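What follows is a single structure, written as structure tokens, with notes after it.
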Amino acid sequence: MSTTRHTKALIVGSGPAGCTAAIYAARANLSPIMVRGLQPGGQLTITTDVENYPGFAEVIQGPWLMEQMEEQATNVGTVIISDTIVKADLSKRPFTLTGDDGDIYTCDALIICTGATARWLGLESEQTFHGLGVSACATCDGFFYRGKDVAVIGGGNTAVEEALYLANLASKVTLIHRRSELRSEKILQTRLFNHPKIEILWDTVLNEITGNKPGCDGIPGVSGLSLSNVKTNAQSHINVDGVFIAIGHSPNTDIFKGQIELEEGGYIVTKPGNPATSVPGVFAAGDVQDHVYQQAVTAAATGCMAALDVERFIADHVE
């Protein structure tokens with residue numbers, strides 16, 4: 001039997017944006033409900049070492065950080081529910097959202113923090129070595145590859161920007177692209193072609209990531225890549241210490257299509273300088289509306305902004 005819950009502030013998603021929004025909303029006495037979603041804690045729960053979140057002098061673990069955020073949200077008064085929203089009606093207030101098990105959530109204001117999901121190639125070895133040399137975020141993990149050889153997979157802006165960033169840290173960066181030309185902006189291509197530490201392998205695809213697998217003797221981690229040339233079918237292997245999959249992200253906005261304004265890539269459009277969407281009373285925070293920075297600290301910041309704006313919105317519009 002389904003249950004209906006009403007709250008002044010409903011937060012969908014439980015990554016850094018969602019948890020921060022929940023903390024601020026609870027401290028404003030809004031009695032928020034946070035629905036955790038399909039991946040509780042967001043992408044940080046599949047990130048091992050975190051070295052760039054302010055406040056921690058030593059390296060911390062992503063899952064631990066998200067556990068602490070959720071506990072903090074709970075301690076200040078947030079109700080956290082393990083459910084996934086599968087349907088939303090934003091045509092009128094209170095807004096109505098439906099969970100995977102049929103439960104109904106109504107709210108006076110909604111904060112969407114559903115995040116974005118990195119696109120992967122679909123190789124089994126990607127999952128085997130995820131967090132052990134395989135990453136989708138150079139800004140997050142590049143620091144661990146100082147003075148080492150790394151590879152970047154992709155040919156768009158994301159891949160070129162990742163390669164240029166990594167070239168400041170790694171001893172060598174190999175950009176692997178399946179086509180004979182890049183799709184990135186020309187100015188980025190010029191920088192890439194002129195960088196002495198970057199090599200490009202054209203018309204090449206990744207077949208398998210090799211290395212010492214978890215459970216085997218020795219320290220687990222990536223040691224190389226098995227490659228194929230798409231034109232000649234020639235097989236090759238290169239030695240690397242890490243590989244960054246840079247083929248983009250997909251924002252988790254399917255259930256909101258046709259209800260709020262989205263960019264061409266699916267990201268939620270928010271107003272300049274604040275997290276308000278095209279629907280009054282609906283706010284978006286974190287990677288679901290940010291395709292530029294996509295960092296835990298920026299997600300947390302927009303979560304804070306969204307909660308503060310929700311407090312003002314409810315004061316002005318809800319009796």
Side-chain angles (χ1 to χ4, degrees), residues 43 46-52 116-211 221-231 234-250 265 287 290-295:
Q43 294 188 69
I46 56 173
T47 301
T48 51
D49 293 344
V50 175
E51 201 169 40
N52 57 359
T117 304
R119 296 175 189 153
W120 299 96
L121 297 171
L123 301 174
E124 183 179 345
S125 52
E126 273 181 321
Q127 300 305 313
T128 299
F129 291 106
H130 192 278
L132 299 171
V134 173
S135 173
C137 180
T139 310
C140 307
D141 300 325
F143 185 78
F144 302 109
Y145 297 91
R146 291 170 297 171
K148 298 182 178 181
D149 292 352
V150 299
V152 176
I153 311 297
N157 280 352
T158 300
V160 175
E161 288 170 351
E162 298 271 272
L164 289 168
Y165 177 84
L166 289 165
N168 295 320
L169 301 167
S171 60
K172 179 182 177 181
V173 179
T174 303
L175 181 71
I176 300 169
H177 186 39
R178 60 180 177 172
R179 297 188 176 94
S180 56
E181 61 181 21
L182 299 172
R183 295 175 287 107
S184 65
E185 297 172 358
K186 296 301 181 183
I187 188 170
L188 291 175
Q189 293 188 38
T190 300
R191 293 172 186 167
L192 185 85
F193 297 151
N194 291 334
H195 203 293
K197 292 168 65 176
I198 299 176
E199 178 184 352
I200 305 174
L201 295 181
W202 301 105
D203 304 312
T204 301
V205 293
L206 174 61
N207 292 331
E208 186 180 9
I209 301 165
T210 61
V222 170
S223 63
L225 307 175
S226 295
L227 310 169
S228 293
N229 186 288
V230 298
K231 292 184 175 179
Q235 307 295 301
S236 61
H237 188 276
I238 62 172
N239 295 323
V240 296
D241 300 294
V243 56
F244 292 81
I245 312 300
I247 55 177
H249 288 73
S250 298
D287 290 2
D290 170 24
H291 57 78
V292 177
Y293 300 104
Q294 296 188 326
Q295 298 297 301

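Only a predicted model underlies this, so the values are computations on that prediction, with no experimental measurement involved.
To the nearest 0.5 Å, atom CG of residue L206 and atom CG of residue L121 are 6.0 Å apart. Once rounded to the nearest 0.5 Å, the distance linking NE2 of H195 with CG of N168 reads 5.5 Å. Interatomic distance, E181 CD to D203 CG, rounded to the nearest 0.5 Å: 10.0 Å. Of the inter-residue distances, the one linking I200 atom CD1 with H177 atom NE2 reads 9.5 Å to the nearest 0.5 angstrom. Here CG of L164 is found 11.0 Å from CD of Q189. Values are rounded to the nearest 0.5 Å. The structure places CZ of R178 at 11.5 Å from CD1 of I153, a figure rounded to the nearest 0.5 Å.
Nearest heavy atom pair, residue G154 against residue L175, reads O-CD1, 3.5 Å. Of all heavy-atom pairs between E185 and N157, the closest is N-OD1, 2.8 Å. Nearest heavy-atom pair across T158 and A246 is CG2-CB, 3.9 Å. Taking both residues in full, the closest heavy atoms of D141 and Y145 are given as O-CD1, 3.3 Å, listed atom of the first, atom of the second, then distance. Closest non-hydrogen pair, E126 versus I245, comes out as OE2-CG1, 3.6 Å. The shortest heavy-atom contact between I209 and S125 is N-OG, 3.0 Å.
In terms of modelled atom types and a separation under 3.5 Å, the side chain of N239 and the main chain of G224 share no donor-acceptor contact.
Among L225, V150, V173, the single residue meeting the side-chain contact (heavy atoms from CB on, under 4.5 Å) criterion with V240 is L225.
Looking at residues two or more places apart in sequence or on another chain, you find a side chain to side chain donor-acceptor pair (under 3.5 Å) between T117 and N252. With sequence neighbours left out, S250 forms a side chain to side chain donor-acceptor pair (under 3.5 Å) with R119.
Side-chain polar atoms of S228 and N207 form a donor-acceptor pair below 3.5 angstrom.
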field: Working for side-chain contact (heavy atoms from CB on, under 4.5 Å), residues Q295 and C137
entry: CA-CA 9 Å; Q295 298 297 301; C137 180; 3.9 Å; yes

- request: Decide yes or no on side-chain contact (heavy atoms from CB on, under 4.5 Å) for D287 and H249, but give the supporting numbers first.
  value: CA-CA 9 Å; D287 290 2; H249 288 73; 5.8 Å; no

- request: Check step by step if side-chain contact (heavy atoms from CB on, under 4.5 Å) holds for S226 and T210.
  value: CA-CA 7 Å; S226 295; T210 61; 3.8 Å; yes

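Within the 4.5 Å cutoff, the side chain of I176 has no heavy atoms near those of the V243 side chain.
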